[in-house]
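See below for the structure under consideration.
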There are 2 protein chains.
Amino acid sequence: MTTIKDIAKAAGVSVTTVSRALNGYSDVSEKTRLKIMNLAKELNYSPNTLARGLVMNKSKTIGLLVSGLNRESAKDQITFSVLSGINECASELDYDLVLFNTNSTKQREKTYTQLCRERRVDGAIIQGIKTDDPYLQEVVNSDIPCVLIDYPIQSENVGHVTTDNKLGAKKAVNHLIELGHRNIAMVNGHSKAFVSNMRFEGYREALQEAGISYKKEWIVNGRFEEEAGKLQAIKLLEKYPEITAIFSASDLMALGILEGAKELGRKVPEDLSVVGYDDILLAGYSNPPLTTISQNIFQLGYQAANLLIKMLEGTLEPHVITLGTKLVVRESTAKNHK
Amino acid sequence: MTTIKDIAKAAGVSVTTVSRALNGYSDVSEKTRLKIMNLAKELNYSPNTLARGLVMNKSKTIGLLVSGLNRESAKDQITFSVLSGINECASELDYDLVLFNTNSTKQREKTYTQLCRERRVDGAIIQGIKTDDPYLQEVVNSDIPCVLIDYPIQSENVGHVTTDNKLGAKKAVNHLIELGHRNIAMVNGHSKAFVSNMRFEGYREALQEAGISYKKEWIVNGRFEEEAGKLQAIKLLEKYPEITAIFSASDLMALGILEGAKELGRKVPEDLSVVGYDDILLAGYSNPPLTTISQNIFQLGYQAANLLIKMLEGTLEPHVITLGTKLVVRESTAKNHK
DNA sequence: CTGAAAGCGCTAACAG
DNA sequence: CTGTTAGCGCTTTCAG
């Protein structure tokens with residue numbers, strides 16, 4: 001394996017000169033630079049980023065802590081899209097990504113700070129963190145630049161990107177209200193997810209503004225899972241048959257609700273309107289196709305990486321990016337005829 | 001940032017001893033070990049893997065070159081599933097993953113070897129490589145341990161994992177033959193993909209064994225894209241209306257074929273049977289649901305990582321792993337009535 | 001059982 | 001414009 005030392009020897013110069021030439025410093029004569037460049041190519045030289053990172057104390061590497069990189073999460077492509085977005089941006093700005101092992105319990109014993117420091121990543125992006133995650137406190141206390149996806153922390157070196165979840169939820173519920181629904185239930189994710197709280201806020205506010213008082217009993221949690229969504233919907237609809245519409249905090253759960261409704265013999269959208277959230281791929285293929293709130297997950301990842309790198313390179317203070325959402329009307333919602 | 005030097009100072013021992021204690025060597029007195037361990041915890045020590053990697057010449061890191069980490073590939077979750085599988089296994093065996101930037105053209109200028117050597121990865125996993133990819137030759141020549149997914153190279157330090165594509169294709173075509181079809185066309189991916197070639201082999205062999213001579217004109221390429229699949233299917237069916245069944249080398253293309261058939265007014269499966277390949281999520285949701293060949297993509301990734309790590313740790317020679325496939329009959333195939 | 005010393009490959013003052 | 005020197009944090013002979 002060629003090192004700068006080898007090049008130096010071959011060129012008859014010092015390693016310093018080689019280093020400077022290779023890194024494009026101006027204070028090297030054109031002649032030596034050329035000689036060194038050629039030699040480097042000839043000897044098939046690749047710089048050792050470990051050595052460089054060791055002395056420079058940075059690695060051009062971003063650490064990724066993504067929660068959903070597992071078999072179960074293939075159904076919505078949310079994790080994948082976030083990853084794609086991050087990858088695209090990192091690629092453009094010439095950073096590499098390291099995927100941390102946070103799956104195994106063994107690894108989970110390592111703290112966030114340990115993970116990042118061991119690998120000497122320049123910064124980190126975290127997705128899928130819950131409000132009770134022990135990493136959370138660490139992120140705030142740590143001096144490692146970090147961007148959170150869908151979790152609202154901001155500090156000296158922590159920024160975050162998210163979508164306007166409250167407004168998104170309002171759009172969904174307003175759509176139902178405009179269709180004449182008044183008995184609108186909500187299947188939420190879980191109380192530990194920031195987005196759940198915001199979507200609930202939007203739900204509540206939309207009802208309020210329409211002069212509809214909301215019922216606590218009509219709000220249930222489906223843990224963002226399809227099956228749980230189905231079960232909760234069935235329970236809900238059996239107990240309160242007067243419900244004519246359900247707002248679901250995720251498409252996956254909405255898919256479950258669709259199934260639940262079918263089991264109960266309630267036709268969607270004739271007897272029940274359903275609005276989802278996310279606009280996952282399946283939303284367009286379900287039966288009926290799902291009306292939902294679309295968010296650009298790819299962009300979420302892209303912006304997260306962009307923000308982090310800007311922070312790392314000192315061109316930007318940590319801050320917050322909020323992306324928009326869009327109501328996509330398909331066939332799971334209809335006028336209320338009751 | 002605490003280093004072993006700090007610990008050494010605090011403990012009143014040499015750095016050597018600290019290093020040995022921390023790494024579980026036996027030749028350290030229980031007393032000193034304990035003292036050092038406590039100090040390490042107290043001072044919040046994390047080892048610097050860069051420094052360690054530099055001297056040990058390995059990094060407990062696997063480099064990933066995956067082709068489909070981009071916006072377009074979200075529709076089949078193949079890339080994602082591979083990634084999940086790799087991640088799961090790496091997690092269990094305590095390796096970290098680095099995602100290389102192979103998207104941008106800038107980065108593409110770096111050779112495979114450069115990429116791996118710069119980051120000093122212990123080995124690499126490559127997915128989605130084409131037969132004309134310049135990386136291919138490098139992989140063979142390089143001394144970096146590598147596992148290829150779905151590409152059949154084997155050498156001193158190159159292994160690969162794949163599924164039995166030929167047999168899979170045969171299962172698909174045999175299914176059609178058993179349903180009474182004789183005029184079976186094939187929409188393949190592209191000639192640069194190894195799996196395409198194998199699936200074609202399976203197609204040909206199945207026909208041959210059934211005593212059906214195959215027609216070259218009935219084999220077209222849809223580049224593994226939905227839209228192209230649709231276009232090709234339309235052209236094919238218009239020109240050769242006698243075709244009663246199509247075997248598609250991917251589900252995504254099969255989805256396109258379904259659409260194409262609809263545009264031509266040919267009902268699936270009554271007027272046309274379609275078999276896909278992959279069993280992607282959407283296959284179960286299309287209209288009609290797709291009969292297809294299921295392969296366990298997650299397992300493909302998992303086994304790739306497992307094989308590589310075993311190779312790295314010297315417990316296994318590089319070799320080949322071939323996974324099975326399964327015919328999944330849904331509603332896009334039916335008896336031929338002509 | 002422990003320490004001194006060398007060195008992994010690279011960059012960065014500093015001095016010429 | 002170039003070289004000398006030191007050192008990043010760690011592991012590893014080699015001697016005690």
Side-chain angles (χ1 to χ4, degrees), chain A residues 1-37 39-40 43-61 96 113-122 144, chain B residues 1-37 39-40 43-61 96 113-122 144:
Chain A
M1 193 126 317
T2 321
T3 70
I4 49 170
K5 221 160 154 184
D6 301 321
I7 300 182
K9 209 177 295 171
V13 298
S14 75
V15 292
T16 317
T17 306
V18 176
S19 172
R20 277 190 293 232
L22 257 24
N23 289 304
Y25 282 59
S26 57
D27 53 355
V28 182
S29 80
E30 215 30 62
K31 199 176 129 221
T32 15
R33 149 164 294 123
L34 216 67
K35 195 203 266 179
I36 290 171
M37 291 302 212
L39 240 26
L43 298 177
N44 221 315
Y45 169 75
S46 333
N48 184 332
T49 55
L50 297 189
R52 180 182 283 162
L54 186 57
V55 37
M56 306 241 289
N57 215 27
K58 58 203 195 72
S59 57
K60 276 263 192 178
T61 296
D96 280 331
T113 327
Q114 275 172 332
L115 239 30
C116 291
R117 285 211 301 226
E118 285 187 7
R119 290 285 175 188
R120 286 300 189 273
V121 298
D122 297 339
I144 300 159
Chain B
M1 195 126 316
T2 319
T3 72
I4 49 169
K5 222 160 152 184
D6 301 323
I7 300 182
K9 209 176 295 172
V13 298
S14 74
V15 292
T16 316
T17 305
V18 176
S19 172
R20 277 191 293 235
L22 256 25
N23 289 304
Y25 282 59
S26 58
D27 54 354
V28 181
S29 81
E30 217 28 65
K31 200 178 128 218
T32 12
R33 151 164 292 122
L34 216 67
K35 196 204 265 179
I36 290 172
M37 290 302 210
L39 239 26
L43 298 177
N44 220 315
Y45 170 75
S46 334
N48 183 333
T49 55
L50 297 188
R52 180 181 283 162
L54 185 57
V55 38
M56 306 242 289
N57 215 27
K58 57 202 195 72
S59 58
K60 277 264 195 176
T61 296
D96 280 332
T113 327
Q114 275 173 332
L115 240 29
C116 291
R117 285 212 301 226
E118 285 187 5
R119 289 286 173 185
R120 287 300 188 274
V121 297
D122 297 339
I144 300 159

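Chain letters run A, B, ... following the sequence lines, proteins first, then strands; residues in each count from 1.
Using a 4.0 Å heavy-atom cutoff across all strands shown, A/N23 reaches sugar-phosphate atoms only and no base atom. Looking at heavy-atom distances under 4.0 Å, A/N48 makes contact with sugar-phosphate atoms alone, never a base. In this structure, B/T16 reaches the bases: a heavy-atom distance under 4.0 Å links it to at least one base atom across the strands shown.
One side chain, B/T17 or B/S14, offers a donor N or O that lies under 3.5 Å from an acceptor on the other.
Counting distance only, with no hydrogens placed and no angle test, the side-chain atoms of B/R20 and the base atoms of C/dG3 include a donor-acceptor pair under 3.5 Å.
The interatomic distance linking B/D27 (CG) with D/dT11 (P) rounds to 14 Å, in whole Å. The CZ atom of B/R117 sits 12 Å away from the P atom of C/dG9 (whole-angstrom rounding). D/dT4 atom P lies 14 Å from atom CD1 of A/I4, rounded to whole Å. The separation between A/R52 atom CZ and D/dC10 atom C1' is 20 Å, rounded to whole Å. Atom CG in B/L50 sits roughly 15 Å away from atom C1' in D/dT11 (whole-Å rounding). If you measure from atom CD1 of B/I36 to atom C1' of C/dG3, you get 12 Å, rounded to the nearest angstrom. One atom, NZ of B/K5, and another, P of C/dA5, lie 14 Å apart when rounded to the nearest Å. When rounded to the nearest whole Å, the span between NZ of A/K60 and C1' of C/dC10 equals 17 Å.
Comparing D/dC10, D/dT2, C/dC1 by their nearest atom to the side chain of B/S29 picks out C/dC1.
The closest donor-acceptor contact from the side chain of B/D96 to the backbone of B/T61 lies at 3.5 Å or more, if one exists at all.
Neither OP1 nor OP2 of D/dT12 sits under 4.0 Å from any side-chain N or O of B/S19. Under 4.0 angstrom from either OP1 or OP2 of C/dG3 there lies at least one side-chain N or O belonging to B/T17. An OP1 or OP2 oxygen of D/dT2 is reached within less than 4.0 angstrom by no side-chain nitrogen or oxygen of A/S14. Contact check, A/T32 against D/dT2: a side-chain N or O comes under 4.0 Å of OP1 or OP2. Note on B/Y25: every side-chain N or O is 4.0 Å or more away from OP1 and OP2 of D/dT13.
Considering only heavy atoms from C-beta on, A/M37 comes within 4.5 Å of A/L22 through its side chain. Put simply, the side chain of B/R120 reaches to within 4.5 Å of the side chain of A/M1, judged on heavy atoms. Put simply, the side chain of B/R117 reaches to within 4.5 Å of the side chain of A/N44, judged on heavy atoms.
If B/M1 and A/V13 are placed on DNA chain D by their nearest nucleotide, the residue sitting closer to the 5' end is A/V13. The residue among B/E30 and A/A51 whose nearest nucleotide of DNA chain C is located toward the 5' end is B/E30.
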